[in-house]
Engineer: 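The structure is given below, and queries will be raised subsequently.
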Amino acid sequence: MSIAGTRADERSTQEVGVQGTGIFTKDSSSNVLNQHTTNSGGVLVSYRYHFNRWFAADVSYGWNRDTQQNISSTGSLNVQSNVHQTTVAAVVNLPWNPARLNPYVLAGTGALVFAPTQATGATVAGAGNQAKATFVYGGGVNYDFTKHLTFRLEYRGLVYGRPDFGVNALRSGLTTNSAQPSAGVVYRF
């Protein structure tokens, strides 16, 4: 058996990860409404299955809380919400691995569910839960501490339509992009 064959047999095919995240959303403007989302932190939990050395599938769940600030000529309408993120992505591991670093890129799809907190003064009356389809793209690098334990730095971009929470005054039809840098640990098995 060759050394390459031995490595392939010993390679872990599954991993779970937990990462702390930041969420930074681009502002949007129309003739009627200026929309800003507060920056926030959150958590991202992922499961990744490696089909071979270069290709994997990733399923992730993320959570954060932010406030959608909507400014119009009639005033400010804000909605504080818990944001639940569920994505599925294809992961391509890049072929070079210098100094225990394993870079990768990813792309996929999913949904963001915006759930207003209903906190007094933090949410517009009548705002309800709303799901938005999202496109996810990004990349990162894993640093192998051991065969089973890895440190991950990752960037994800999320492209989606701005939520209106079922409130006509918040309906803009605009698309935005959220940057989601993160860092955390991964266990391989």
Side-chain angles (χ1 to χ4, degrees), residues 16-49 56-92 104-119 122-141 152-184:
V16 292
V18 177
Q19 297 162 240
T21 67
I23 306 286
F24 308 94
T25 302
K26 184 179 177 190
D27 291 349
S28 304
S29 293
S30 69
N31 293 336
V32 180
L33 203 56
N34 291 320
Q35 296 177 305
H36 170 75
T37 302
T38 58
N39 297 333
S40 66
V43 65
L44 183 70
V45 179
S46 63
Y47 169 79
R48 196 170 285 184
Y49 182 83
D58 180 278
V59 177
S60 295
Y61 167 79
W63 175 89
N64 69 290
R65 177 179 286 176
D66 62 28
T67 300
Q68 306 283 326
Q69 299 172 332
N70 302 278
I71 302 153
S72 70
S73 59
T74 60
S76 181
L77 302 169
N78 298 331
V79 180
Q80 181 185 67
S81 63
N82 292 313
V83 183
H84 303 275
Q85 169 192 151
T86 305
T87 59
V88 176
V91 180
V92 176
Y104 61 89
V105 295
L106 60 84
T109 189
L112 299 175
V113 177
F114 296 86
T117 62
Q118 305 302 335
T123 302
V124 173
N129 292 0
Q130 187 172 39
K132 290 290 191 173
T134 187
F135 168 69
V136 61
Y137 64 92
V141 63
R152 175 171 290 163
L153 287 175
E154 185 175 79
Y155 170 85
R156 287 175 179 243
L158 302 164
V159 179
Y160 57 95
R162 283 260 183 202
D164 60 32
F165 304 96
V167 177
N168 285 335
L170 304 180
R171 194 162 290 142
S172 68
L174 297 173
T175 300
T176 193
N177 185 0
S178 290
Q180 184 181 37
S182 63

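Count residues from 1 along the sequence.
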Engineer: Applying side-chain hydrogen bond (donor to acceptor under 3.5 Å, both in side chains), name anything that partners Thr74, two or more places apart in sequence or on another chain.
Structural biologist: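 Thr74: side-chain hydrogen bond (donor to acceptor under 3.5 Å, both in side chains) contacts with Ser72.
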Engineer: Would you please name every residue forming a side-chain hydrogen bond (donor to acceptor under 3.5 Å, both in side chains) with Thr175, sequence neighbours left out?
Structural biologist: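 With sequence neighbours excluded, Thr175 shows a side-chain hydrogen bond (donor to acceptor under 3.5 Å, both in side chains) to no residue whatsoever.
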Engineer: Salt bridge (charged side-chain N to carboxylate O under 4.0 Å, His left out) with Asp58: which residues, sequence neighbours excluded?
Structural biologist: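 By the salt bridge (charged side-chain N to carboxylate O under 4.0 Å, His left out) rule, Asp58 matches Arg48, Arg156.
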Engineer: How would you list, by chain and number, every residue that makes a side chain to side chain contact (heavy atoms under 4.5 Å, CB included) with Val16, sequence neighbours excluded?
Structural biologist: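 Per chain and number, Val16 pairs via side chain to side chain contact (heavy atoms under 4.5 Å, CB included) with Tyr47, Tyr187, Phe189.
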Engineer: Do Thr38 and Asp66 get their side chains close enough for a donor-acceptor pair, meaning under 3.5 Å?
Structural biologist: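 The answer is no; no qualifying pair exists.
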Engineer: Sequence neighbours excluded, which residues qualify as salt bridge (charged side-chain N to carboxylate O under 4.0 Å, His left out) partners of Arg152?
Structural biologist: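 Result, salt bridge (charged side-chain N to carboxylate O under 4.0 Å, His left out) vs Arg152: Glu15.
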Engineer: What's the verdict on side-chain hydrogen bond (donor to acceptor under 3.5 Å, both in side chains) for Gln69 and Asn78, showing C-alpha distance, side-chain angles and the deciding distance?
Structural biologist: CA-CA 5 Å; Gln69 299 172 332; Asn78 298 331; 5.0 Å; no
Engineer: Tell me every residue that passes ring-ring contact (aromatic ring centres under 6.0 Å, His included) with Tyr49, counting only those two or more places apart in sequence or in another chain.
Structural biologist: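 Applying ring-ring contact (aromatic ring centres under 6.0 Å, His included) to Tyr49 gives Phe51.
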Engineer: Does the side chain of Arg162 come within less than 4.5 Å of Leu33's, by heavy atoms?
Structural biologist: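 Heavy-atom side-chain distance check fails, nothing below 4.5 Å.
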Engineer: Identify, with sequence neighbours excluded, every residue that meets side chain to side chain contact (heavy atoms under 4.5 Å, CB included) alongside Tyr137.
Structural biologist: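 Listed in chain order: Phe135, Tyr155, Val159, Asn177.
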Engineer: Tell me every residue that passes side-chain hydrogen bond (donor to acceptor under 3.5 Å, both in side chains) with Ser182, counting only those two or more places apart in sequence or in another chain.
Structural biologist: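 Once residues adjacent in sequence are excluded, the partners of Ser182 under the side-chain hydrogen bond (donor to acceptor under 3.5 Å, both in side chains) criterion are Gln19.
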Engineer: Parallel, tilted or perpendicular for Phe114 and Phe165, by the 30°/60° rule?
Structural biologist: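 Judged by the thresholds at 30° and 60°, the geometry between Phe114 and Phe165 is perpendicular.
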Engineer: Just to verify, what does Thr109 make a side-chain hydrogen bond (donor to acceptor under 3.5 Å, both in side chains) with, not counting sequence neighbours?
Structural biologist: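 side-chain hydrogen bond (donor to acceptor under 3.5 Å, both in side chains) list for Thr109, sorted by chain: empty.
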Engineer: Got a sec, which residues hit side chain to side chain contact (heavy atoms under 4.5 Å, CB included) with Asp164, two or more places apart in sequence or on another chain?
Structural biologist: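 Gln130, Leu170, Arg171.
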Engineer: Can you list the residues that meet the side chain to side chain contact (heavy atoms under 4.5 Å, CB included) rule with Asn82, with sequence neighbours excluded?
Structural biologist: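 Asn82 satisfies side chain to side chain contact (heavy atoms under 4.5 Å, CB included) with Trp63, Arg65, His84, Thr117 once adjacent residues are dropped.
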Engineer: Taking the side chain as every heavy atom from C-beta outward, state whether Leu158 and Gln180 have any atom pair closer than 4.5 Å.
Structural biologist: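 A side-chain contact exists here, since the closest heavy-atom pair is under 4.5 Å.
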